[in-house]
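One structure below.
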There are 2 protein chains.
Amino acid sequence: VPAALVTLPRVLRLVATAFVLLALTGGCRRHRVVHANRSIAVELRDRALTGSKAFEHVRDLATVVGPRLAGSEGDRRAVDWAVAKMRAIDLAAVRAESVTVPHWERGVERATLDGRPLAITALGGSVATPPGGVEAEVVVAESLEALDAVPDDAIRGRIVFFDKPMVRAVDGSGYEAAVDVRARGAIAAARKGAVASVIRSIGTGGGRAPHTGGLRYDDAVPKIPAAALAIPDAAFLREALAATPGLRLRLELGCRTLPDATSANVIGEIRGRARPDEIVLLGAHLDSWDLGRGAVDDGAGVAVVLEVGRMLRERGLTPRRTIRIVLFANEENGLRGARAYAAAHARELDAHVLGLELDLGSGPVHAIHALAGPDSIPALRAIAAPLAALGIAPVDERPIHGADLWPLRAAGVPVVDLDQDATRYFDVHLTADDTLAAIDPRELDQVTAATVAFVWNAAESRVTFGRIPADARR
Amino acid sequence: VPAALVTLPRVLRLVATAFVLLALTGGCRRHRVVHANRSIAVELRDRALTGSKAFEHVRDLATVVGPRLAGSEGDRRAVDWAVAKMRAIDLAAVRAESVTVPHWERGVERATLDGRPLAITALGGSVATPPGGVEAEVVVAESLEALDAVPDDAIRGRIVFFDKPMVRAVDGSGYEAAVDVRARGAIAAARKGAVASVIRSIGTGGGRAPHTGGLRYDDAVPKIPAAALAIPDAAFLREALAATPGLRLRLELGCRTLPDATSANVIGEIRGRARPDEIVLLGAHLDSWDLGRGAVDDGAGVAVVLEVGRMLRERGLTPRRTIRIVLFANEENGLRGARAYAAAHARELDAHVLGLELDLGSGPVHAIHALAGPDSIPALRAIAAPLAALGIAPVDERPIHGADLWPLRAAGVPVVDLDQDATRYFDVHLTADDTLAAIDPRELDQVTAATVAFVWNAAESRVTFGRIPADARR
């Protein structure tokens, strides 16, 4: 190797080192934090981009542990796995904080229309049908509002079929627009005397795997069985009803709710070197629905936050503040983990500088949203500066964040969202197809790169982000 | 519009008409047939390309009829549907010729590895497990040959897991290379004392829907239960076994074989104007497996052959020879329809000029294979000339054709294959995802265009294609 080629990088390295030392020692005080951290954040970002271990973590979780609905055997397995993993990557103060969770189990599920089988799955938390099932005529409603307009007489004794398609969008906005029929359809249908409620799956894609997801009941209204048809089957039902009004659907669900069980929030930390009391919370949820293997929801998020911890520990990097990694229990059907965390840590919530949760699969980050104290956006933009090179838009002020952050937001803790491309997320979300095959390792590396750079800068910063104004806490 | 622009197409049209008349009246005797027909074939081709009704036919079959495994209620429904459809498009001599078919039914199917659920489905024709299932250690074999090399002692009392991945290819060649473990794995495993055989699904894609398909038993060997894991689940099993040798798989299958049932080959014709005794057979199969809705396998083929008939009848086009459209019963798990056809029509097989079957979904045609009498390729290439504009390669001599043509081939009847792009076919083949969503209507129009042009020319031709030489009849 010619000497000149060896020498040149050495010179550059010396210049870079001198610049970092200058910055660290306060040579440029006003922007000291940002400059000093940027170089470490950029280094972390680029290391993650060229191949993080996030995919290995999610492969491990999705295969060794698999499905892990709150209260199930898989859930217990997941807690053990997470504790062992946090210890293996050498986080501090690793513990499982107990959470009481609901325990619901799926049973037989079958639907037929005039003898033709339909692909269907119970909504999470649904009551069972009577043994042998229910059979009734079907009434189509395209929304909760459309159902309201139908006279009760036309609904009584029938099965309501909510046929509300979800629109595919990069920001997942189609989900919010359609999900009300899943969450509240059974209440609305029961109020009018329906014997069951079925919905077109709230999801995208033409796959035959139906999309489950939680539903609500109202104690003042009879609880009726509720289920989701796969998208092609919903289309078929709609066509069949148009061709032959009065067709009867037979629905059999064997699900049941068992006594509450015990699960845990699994927590580990990188203790801050200067302000260990100040906490940057980095979360994901450990539980999953039962149909898939919980790879995209939320194995991907779990993998990214663990990889952030692993990368920092491997390099011996200790930020000013504490980074607390929290794997929440029971996000899917109760949010009991998030509530238990806020209750158990009520006295230190004021010291939570920022909360961030990853719960949108493995699509690349394309935007950053924040809800924080007044005038915090410029400081958050400075912290997020290294993310611009990943094609991520500057921080904007929007109330978007992972569900587990609701109790923190309610307490005024600033919340940040690294918003991911959700174009394909809802093809497999809450279905049996939520497996490793739905994850692109390169995309997951981009998410890891964005997260590690942002979290490092946030934990290294001296800036605080105030508290969310009372009227925006919900 | 300037007069010159109106006049020019008129002049061209006159020239074209004169040319066609000249050709039809024998002005160019040697190539008369090809020239005369080309213009009609091209017109049919281009009409189909710009929007045939094939997609409507398959939508109808996949939704109104749905799954239609031989012997099932859906199978009976399909026969009624096909007879009504052939009458509606005004085919001649429409009839359902009875066929005795096997009648197998799927029941409960469940597999767990140390409590973790795996997506699995019984192979068609499998025996059940004892009630409650079997549980045993798993031995991996990557092929039938690899299993042969394992001592019987290592297999006895265990479950054999054939992990033989199928390679994706435009010509579907990966299927033939891998399918032997599905067809003969249960025999090979039972011979060595295994209690069950499971395979990695013979298919492509990462979907969670396992691929069923027929298996064989040997009366001299115990019949053991046989099932297919979804591809991600097979990968998981392989990894889990590597990490923890000695893991036990629990398998429960409730399938059963009922007494033989009655189905039918559904047949309709366009009677030839000059040589009605000469038959160009255009086939597809009416039955499907039970998991999906039989859209790509073989609703697409059924739709195309019906659309060929409909287009000709709508235009009042009658070729020299008879075009006989045959929708075969029980292709999937017995080939009894094809055998019954050959038996019932034994005396007229000599008058079958050509047989062609569509049974590869809706991917575009890209090649044409033929097995015919000596020196027939040039004549077949002339007949296929209008297909070049569809991006289809000239006819080559290869023994590739739909399974229902085996008995015709055995009798020496020339067989032709319009070979379709199978790149994505095996993602949904024999799975619950075989629905309308897997069909691209524009691609189906291309298949229809190729088929209508080819079949018209073949039926209009005076050329015969000899008989398949005895040593190539198999």
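Protein chains get the first letters and strands the later ones, always in sequence-line order, with residue 1 at the start of each.
Distance check, rounded to the nearest 0.5 Å: OG1 of A:Thr63 to CZ of B:Arg116 gives 8.5 Å. Between atom CG of residue A:Leu436 and atom CD of residue B:Glu239 there is a gap of 7.5 Å, rounded to the nearest 0.5 Å.
For a residue to count as touching a neighbouring chain, one of its non-hydrogen atoms must lie under 4.5 Å from one of that chain's; by this rule B:Leu237 does not touch chain A. Of the two parts of A:Arg59, only the side chain, counted from C-beta on, holds a non-hydrogen atom closer than 4.5 Å to a non-hydrogen atom of chain B. In this structure, no portion of A:Val108 lies under 4.5 Å from any heavy atom of chain B. Of the atoms belonging to A:Leu113, not a single heavy atom falls under 4.5 Å from chain B. Contacts between B:Val428 and chain A at a heavy-atom distance below 4.5 Å are absent for every atom of the residue.
B:Arg248 CZ: more than 12 foreign heavy atoms inside a 6.0 Å radius. Environment of NZ in A:Lys53: sparse, with no more than 12 heavy atoms of neighbouring residues, nucleotides or ligands closer than 6.0 Å. By the neighbour-count criterion of 12 heavy atoms within 6.0 Å, atom NZ of A:Lys85 is densely surrounded, having more than that number from other residues, nucleotides or ligands. In this structure, B:Arg77 places its CZ atom where more than 12 heavy-atom neighbours from other residues, nucleotides or ligands lie under 6.0 Å away.
Taking all atoms of both residues into account, the shortest heavy-atom contact from A:Glu73 to B:Asp114 is OE2-O, 4.2 Å.
When atom types are taken as modelled, the side chain of A:Arg208 and the backbone of B:Asp434 share no donor-acceptor pair closer than 3.5 angstrom.
Interface remark: of the candidates B:Ala235, B:Gly206, B:Ala432, B:Gly74, B:Ala432 forms the most heavy-atom pairs closer than 4.5 Å to chain A.
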